[in-house]
Amino acid sequence: MPDTRPLTIALSKGRILEQTLPLLAAAGLTPAEDVQKTRKLMVGGTFAGEEIRFLIIRAADVCTYVEQGAADLGIAGRDSLLEYRPHVYEPLDLKIGRCRLCVCGPKELVEAGAPERGSRIRVATKYDHLASEYYLAQGVHAEIIHLYGSMELAPLVDMAERIVDLVETGGTLRANGLIEETTLCDISSRLIVNPASFATRKGQIQPIIEKLRQAVEQSDNG
Ligand code: PRP
């Protein structure tokens, strides 16, 4: 039986949304309402004359909605994909939301040198797995202190010696007396697709991927 549910696309709230909307518009994916203003979490729209719908959710939840099949497609940061490792396809780098995942700390601590093998440190982050893996590879015993945001505060109140967080302009680090120690990886937003949706709704999903691919190429050249 064909799936008659409108094709569903999960979008990340926050900073990325601002950069996502022009890309969606260029690809012909049009929300029926201003998704930056509405308090609705599900908004209708159209693509090539067909009804679709958008979910407006937290960045970290996009992976879950797409992995569960509640959304067929989603726009997720590479940071979330590396941290949560959802079982999804990742057909396209959208080249928005560009930043980097870094280890940072107070200037004087970072300048004193990286923690020695066998030493203990406290690391504040929302990327528990990525931070643990990094320090395991360094041979450093890292106590991971999970936070949901504003990681830069943790060293200022002596709750952690390092943070693992996204850095875009570096403004938040500077404002809080922190500097980068190491870049773990470059980040950008990716289009993700539920594998079962891709198998059963390829005729609907493939044109969206192609239109978004063209939109990315155009904006990258422009
Ligand atoms: C992100 C990130 C840093 C900041 C980096 O937080 O976690 O705190 O942006 O950007 P910058 O290098 O340009 O200063 P965001 O503002 O998205 O909020 P959050 O702390 O709630 O995650």
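Order of appearance sets the numbers: ligands from 1, and atoms from 1 within every ligand.
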Participant: Going by distance alone, is a donor N or O of one side chain under 3.5 Å from an acceptor N or O of the other, for R53 and T8?
Facilitator: yes

Participant: Could you list the residues that satisfy side chain to side chain contact (heavy atoms under 4.5 Å, CB included) with Q36, not counting sequence neighbours?
Facilitator: L17, E18, L21, D34

Participant: Short question: side chain of E51, backbone of P6 - any donor-acceptor pair under 3.5 Å?
Facilitator: no

Participant: Please determine which of E181, E152, E180 meets the salt bridge (Lys or Arg N to Asp or Glu O under 4.0 Å) test together with R162.
Facilitator: E181

Participant: Considering only N or O atoms, set out every pair between ligand 1 and the protein closer than 3.5 Å, with distances to one decimal place.
Facilitator:
{"residue": "ligand 1", "atom": "7 (O)", "partner": "D165", "partner atom": "OD1", "Å": "3.0"}
{"residue": "ligand 1", "atom": "7 (O)", "partner": "D165", "partner atom": "OD2", "Å": "2.9"}
{"residue": "ligand 1", "atom": "8 (O)", "partner": "E152", "partner atom": "OE1", "Å": "3.3"}
{"residue": "ligand 1", "atom": "8 (O)", "partner": "E152", "partner atom": "OE2", "Å": "2.7"}
{"residue": "ligand 1", "atom": "8 (O)", "partner": "D165", "partner atom": "OD2", "Å": "3.4"}
{"residue": "ligand 1", "atom": "9 (O)", "partner": "R15", "partner atom": "NH2", "Å": "2.9"}
{"residue": "ligand 1", "atom": "10 (O)", "partner": "R15", "partner atom": "NH2", "Å": "3.4"}
{"residue": "ligand 1", "atom": "12 (O)", "partner": "E168", "partner atom": "N", "Å": "2.8"}
{"residue": "ligand 1", "atom": "12 (O)", "partner": "T169", "partner atom": "N", "Å": "3.0"}
{"residue": "ligand 1", "atom": "12 (O)", "partner": "G170", "partner atom": "N", "Å": "2.7"}
{"residue": "ligand 1", "atom": "13 (O)", "partner": "T169", "partner atom": "N", "Å": "2.9"}
{"residue": "ligand 1", "atom": "13 (O)", "partner": "T169", "partner atom": "OG1", "Å": "2.5"}
{"residue": "ligand 1", "atom": "14 (O)", "partner": "T172", "partner atom": "N", "Å": "2.9"}
{"residue": "ligand 1", "atom": "14 (O)", "partner": "T172", "partner atom": "OG1", "Å": "2.4"}
{"residue": "ligand 1", "atom": "16 (O)", "partner": "R15", "partner atom": "NH2", "Å": "3.2"}
{"residue": "ligand 1", "atom": "20 (O)", "partner": "S150", "partner atom": "N", "Å": "2.8"}
{"residue": "ligand 1", "atom": "22 (O)", "partner": "K126", "partner atom": "NZ", "Å": "3.2"}

Participant: How would you list, by chain and number, every residue that makes a salt bridge (charged side-chain N to carboxylate O under 4.0 Å, His left out) with R58, sequence neighbours excluded?
Facilitator: none

Participant: Under the salt bridge (Lys or Arg N to Asp or Glu O under 4.0 Å) rule, what pairs show up with a residue in residues 112-121, not counting sequence neighbours?
Facilitator: none

